[in-house]
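First up is the structure itself, then whatever we jot down about it.
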Amino acid sequence: MGGCHECACSHDPYEKGTCLNGTLPDSETAQSVSGVEEVSCSASDAHYKVIQTFPFTSDMNKCNANPKTQYAFSHRYTMNGTTISEYVYCLIGLGSYARG
């Protein structure tokens, strides 16, 4: 693990309404995800929008309570190898990523 997005350099969690690019695995189980970054919602590579955030957890099942959820995404912020915070994001897909 590594890379600047892991170093929690005053990194704020994604806010509700934030759009993300990249590709999340179509999986019910937690998998390592890379290349997911915050982008403008008008960007051509905006694939997902955050509709709810759960702090201090990595339990993606929490998103089951939100019927609009199409994807769930967990993010852990670490510093020197220690987890300092965790968030679960409930997302909807945009464009070709939307699920009917």
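Numbering of residues begins at 1 and proceeds along the displayed sequence.
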Rounded distance [0.5 Å steps], [atom1] in [X] versus [atom2] in [Y]:
X	Y	atom1	atom2	answer
Asn66	Ile51	CG	CD1	4.0 Å
Glu37	Leu20	CD	CG	9.0 Å
Thr69	Ile92	OG1	CD1	9.5 Å
Cys90	Asn64	SG	CG	8.5 Å
Ile84	Arg76	CD1	CZ	12.0 Å
His75	Ser58	NE2	OG	12.5 Å

Same cluster or not: are Tyr89 and Tyr97 linked, directly or through other Ile, Leu, Val, Met, Phe, Trp or Tyr residues, by side-chain heavy atoms under 4.5 angstrom apart?
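Yes, Tyr89 and Tyr97 fall within the same hydrophobic cluster.
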Test side chain to side chain contact (heavy atoms under 4.5 Å, CB included) on Tyr71 and Arg99 and set out the steps.
CA-CA 9 Å; Tyr71 300 88; Arg99 292 177 172 165; 3.3 Å; yes
Answer yes or no: is there a donor N or O on one side and an acceptor on the other, between the side chain of Gln70 and the main chain of Gly93, under 3.5 Å?
yes
For the side chain of Tyr48 and the backbone of Leu24, is there at least one donor-acceptor N/O pair under 3.5 Å apart?
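Looks like yes, one N/O pair under 3.5 Å.
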Residues in ring-ring contact (aromatic ring centres under 6.0 Å, His included) contact with Tyr87, at least two apart in sequence or another chain:
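ring-ring contact (aromatic ring centres under 6.0 Å, His included) list for Tyr87, sorted by chain: Tyr77.
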What's the shortest heavy-atom distance between Ala65 and Pro67, and which atoms?
O-CD, 3.4 Å
Apply the test side chain to side chain contact (heavy atoms under 4.5 Å, CB included) to residues Thr18 and Thr53: give CA-CA distance (whole Å), side-chain angles for both, the deciding distance (0.1 Å), then the verdict.
CA-CA 11 Å; Thr18 298; Thr53 301; over 6 Å; no
Answer whether the closest heavy-atom distance between the side chains of Cys41 and Lys49 falls below 4.5 Å.
yes
Measure up the Tyr14 and Phe73 rings against each other and bin them: parallel (under 30°), tilted (30 to 60°), perpendicular (over 60°).
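Correct class here is parallel.
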